[in-house]
Amino acid sequence: QVQLVESGGGLVQPGGSLRLSCAASGRRISIRVMGWYRQAPGKQRELVAAITSIGSTNYADSVKGRFTISRDNAKNTVYLQMNSLKPEDTAVYYCNAKALLVDAWGQGTLVTVSS
């Protein structure tokens, strides 16, 4: 099994920044893709950003140019730098890791963008 532990959420004003971290631990596996999803109240969970083991990235259109995903393969850790945050970015953010026969999720961390 793979366990994911997220950190870095909180309350921030519009225009501010936050950095989320997610560390994977447990069974030694080669994680192919790590990513961040979010779910706002009353909405479906959506992909925010993802990164492969070789550094290829994918972003939701709504966060392009504002969010940056990065990854430390040696530490099995993924980061999400969020800049120019907007109230519509308010959601619970979930870390995800995909590998052969593995699709693991973190417990979620709340990001609230409000003045």
Side-chain angles (χ1 to χ4, degrees):
Q1 287 284 37
V2 175
Q3 293 80 42
L4 302 177
V5 178
E6 301 133 334
S7 60
L11 174 65
V12 64
Q13 293 186 340
S17 298
L18 280 176
R19 188 190 194 214
L20 305 182
S21 299
C22 171
S25 62
R27 186 163 60 94
R28 290 181 62 86
I29 57 173
S30 176
I31 298 177
R32 293 186 295 111
V33 183
M34 296 190 79
W36 291 94
Y37 290 71
R38 67 185 180 188
Q39 187 166 19
K43 294 188 177 181
Q44 290 187 331
R45 190 174 297 189
E46 62 176 358
L47 174 69
V48 176
I51 185 168
T52 69
S53 58
I54 59 171
S56 297
T57 58
N58 182 37
Y59 294 93
D61 287 343
S62 59
V63 307
K64 284 180 180 176
R66 299 188 298 123
F67 291 10
T68 301
I69 190 169
S70 59
R71 177 173 175 171
D72 185 332
N73 287 333
K75 296 180 179 179
N76 269 345
T77 299
V78 65
Y79 307 95
L80 185 68
Q81 178 66 43
M82 304 185 293
N83 299 327
S84 302
L85 283 160
K86 304 175 181 180
E88 51 263 44
D89 294 317
T90 295
V92 178
Y93 284 70
Y94 296 91
C95 179
N96 175 258
K98 290 182 172 55
L100 184 62
L101 302 180
V102 172
D103 188 7
W105 291 90
Q107 79 284 357
T109 184
L110 178 62
V111 172
T112 303
V113 184
S114 176
S115 55

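Each residue takes its place number in the sequence, starting with 1.
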Okay, side chain of [X], backbone of [Y]: is any donor-acceptor separation there less than 3.5 Å?
X: T90; Y: V113; value: yes
X: T109; Y: G9; value: yes
X: S114; Y: T112; value: no
X: E6; Y: C95; value: yes
X: Y59; Y: L47; value: no

Provide the closest heavy-atom pair for [X] versus [Y] in the form atom of the first, atom of the second, distance.
X: S115; Y: P14; value: N-CD, 3.7 Å
X: R32; Y: L100; value: NE-N, 4.3 Å
X: N96; Y: A104; value: ND2-O, 3.0 Å
X: Q107; Y: L4; value: OE1-O, 3.5 Å
X: R38; Y: D89; value: NH1-OD1, 2.9 Å
X: A24; Y: M34; value: CB-CE, 4.3 Å

- Task: Walk me through it: do S17 and N83 pass the test side-chain hydrogen bond (donor to acceptor under 3.5 Å, both in side chains)?
- Result: CA-CA 4 Å; S17 298; N83 299 327; 2.9 Å; yes
- Message: Taking the six-membered ring of Y79 as reference, does the cationic atom of R71 (NZ for Lys, CZ for Arg) lie under 6.0 Å from its centre and within 45° of its axis?
- Response: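 No, R71 and Y79 do not form such a contact.
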- Is the NZ or CZ atom of R45 positioned over Y94's six-membered ring, under 6.0 angstrom from the centre and within 45° of the axis?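 Relative to the ring axis of Y94, which defines the angle, R45 lies inside both limits.
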- Say you draw a straight line from CD1 of I69 to OG of S56; how long is it, rounded to the nearest 0.5 Å?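 So the gap between those two atoms works out to 11.5 Å.
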- Distance (rounded to the nearest 0.5 Å) between N73 CG and S53 OG: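 The OG atom of S53 is 6.5 Å from CG of N73, to the nearest 0.5 Å.
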- Item | Flag if over 12 foreign heavy atoms under 6.0 Å of CD, Q1 |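 No, because the 6.0 Å sphere around CD of Q1 holds 12 heavy atoms or fewer from other groups.
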Side-chain heavy atoms nearer than 4.5 Å, only ILVMFWY residues, links allowed to pass through others: does that put [X] and [Y] together?
X: W36; Y: V12; value: yes
X: V78; Y: Y37; value: no
X: V102; Y: I51; value: yes
X: V2; Y: Y93; value: yes
X: V92; Y: V63; value: no

- Do V111 and L20 come close enough that some side-chain heavy atom pair is under 4.5 Å?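 When only atoms from C-beta onward are counted, L20 and V111 do touch, with a gap below 4.5 Å.
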